[in-house]
Amino acid sequence: MRIIGAPSDYGANRRGVDMGPSAIRYADLAAGIEATGASVHDAGDLAVPRAEERDPNRETPSTGKAKFLRETRDVSRSLADAVADALDHGAFPLVLGGDHSIAIGSLAGSSRGADVGAIWFDAHGDFNTPETSPSGNVHGMPVAAALGKGSFADLTWAKAPGLSEENVVYVGLRDIDADERRAINESDVTAFTMADIDERGISAVVEDALDVASAGVEGIHVSFDLDWLDPNEAPGVGTPVRGGATYREAHWALEAVAERDAAEGILRSMELVEVNPILDESNRTAEIAAELAASALGKRTL
Ligand code: DIR
Ligand code: MN
Ligand code: MN
Ligand code: MN
């Protein structure tokens, strides 16, 4: 497997998330994965310019309101190439964010030349477009971008070529904007909220999510926003929302992904995003991120 750092903070207005890849590596990510028997190659970080050098209000002609869209385009293109290159070489791409805008690149790379599905573990829907976004932050838009919604339809770099709406599934939503809710409900994505987990349990929900994401495709991309977890477990995120997944629910969810992968070979790529060391407590959010990666890649108690 290949670790790819994507230290971008262009998609969110909280500085510090660019240090996420370092923090997750520092939390013994590679050793944890190697303990599963996998061999790890760390490809380092993509080159991402500092946000201080850029003007957040500069807009591209085709969009109304999306901050740092050109910078996001540049990061997305290089990340998509890096993910596709790993897959070309038979290596599993594990991408470390960065804020969730990097998922545009991960999805574009993972679905280049292949039909893929996506499971989105997140408090948020990330389904805003430049037109609906209340914040202008692209980390609230990557699903819509990858599916070519709104003015993203004009941006070829944003579209994930092999991703179709029917194979996109959310697990554990709990904070959605008004226009975003309308768009999700009108779309063909499948959305499981935290209430679904309360009612049915994490196991049933994740099994359903795996069915939806993997139906008729070559593989799935797992996009894991650390704010899916409850802030008591993962305080080091820019947009914490209480009422999130517990530590055990998160491990169970990713162990279920690994189980399905062992049986059907469906896991194609993964990313861990939104770890912000400045907001964290003694790196515990990065530590959970590293542990969860190991669970997804097959770590077992016995
Ligand atoms: C909000 C927050 N829906 C927005 N999104 C976040 O800015 O579009 N996504 N935090 O992870
Ligand atoms: Mn190469
Ligand atoms: Mn997100
Ligand atoms: Mn989120």
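Nothing here was measured: the structure is a model prediction, and the numbers come from that model. Positions are given from 1, in the same order as the sequence printed here. Numbering of ligands and ligand atoms starts at 1, following listing order.
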*Asks:* Tell me if the CZ atom of Arg300 is crowded by more than 12 foreign heavy atoms within 6.0 Å.
*Replies:* yes
*Asks:* Got Asp227 and Val241 here, is their nearest side-chain heavy-atom distance under 4.5 Å?
*Replies:* no
*Asks:* Going by distance only, is there an N or O of Asn137 that falls short of 3.5 Å from an N or O of ligand 1?
*Replies:* no
*Asks:* With under 30° as parallel and over 60° as perpendicular, where do the rings of Trp228 and Phe121 fit, or are they tilted in between?
*Replies:* tilted
*Asks:* Using a 4.0 Å cut-off to any heavy atom of Thr239, which atoms of ligand 1 qualify?
*Replies:* 10 (N)
*Asks:* Report, in ascending order of atom number, the atoms of ligand 1 lying under 4.0 Å from any heavy atom of Ser135.
*Replies:* 4 (C), 7 (O), 8 (O)
*Asks:* At a 4.0 Å cut-off, with the gap strictly under it, does some heavy atom of His100 reach an atom of ligand 1?
*Replies:* no
*Asks:* Checking a contact table here: which protein heavy atom is nearest atom 2 (C) of ligand 1, and how many Å away?
*Replies:* His124 CD2, 3.9 Å
*Asks:* Is Trp157 atom CH2 crowded by more than 12 heavy atoms from other residues, nucleotides or ligands, each under 6.0 Å away?
*Replies:* yes
*Asks:* Closest N/O/S atom of Asp122 to the Mn ion (ligand 3), by atom name?
*Replies:* OD2
*Asks:* Going by distance alone, is a donor N or O of one side chain under 3.5 Å from an acceptor N or O of the other, for Asp122 and His100?
*Replies:* yes
*Asks:* Would you say the side-chain atoms of Ser164 and Asn167 include a donor-acceptor pair closer than 3.5 Å?
*Replies:* yes
*Asks:* Using a strict 4.0 Å cut-off to heavy atoms of Asp177, name the atoms of ligand 1 that fall inside it.
*Replies:* 1 (C), 3 (N), 4 (C), 8 (O)
*Asks:* If I take every N, O or S atom of Asp126, is at least one of them less than 2.8 Å from the Mn ion (ligand 4)?
*Replies:* no
*Asks:* Test of understanding: given a 4.0 Å heavy-atom threshold, classify the contact between Asp126 and ligand 1 as side chain, backbone, both, or neither.
*Replies:* side chain
*Asks:* What N/O/S atom of His100 gets nearest to the Mn ion (ligand 3)?
*Replies:* ND1
*Asks:* Evaluate salt bridge (Lys or Arg N to Asp or Glu O under 4.0 Å) for Lys149 paired with Glu165, printing each intermediate quantity in order.
*Replies:* CA-CA 11 Å; Lys149 298 289 185 184; Glu165 227 162 286; 2.9 Å; yes
*Asks:* Please indicate whether any nitrogen or oxygen in Asp175 is less than 3.5 Å from any nitrogen or oxygen in ligand 1.
*Replies:* no
*Asks:* So, is Asp225 placed with an N/O/S atom under 2.8 Å from the Mn ion (ligand 3), counting both backbone and side chain?
*Replies:* yes
*Asks:* Is the shortest distance from a Lys or Arg side-chain nitrogen in Arg200 or Glu207 to a carboxylate oxygen in the other one below 4.0 Å?
*Replies:* no
*Asks:* Which atoms from ligand 1 have a heavy atom of Asp225 less than 4.0 Å away?
*Replies:* 11 (O)
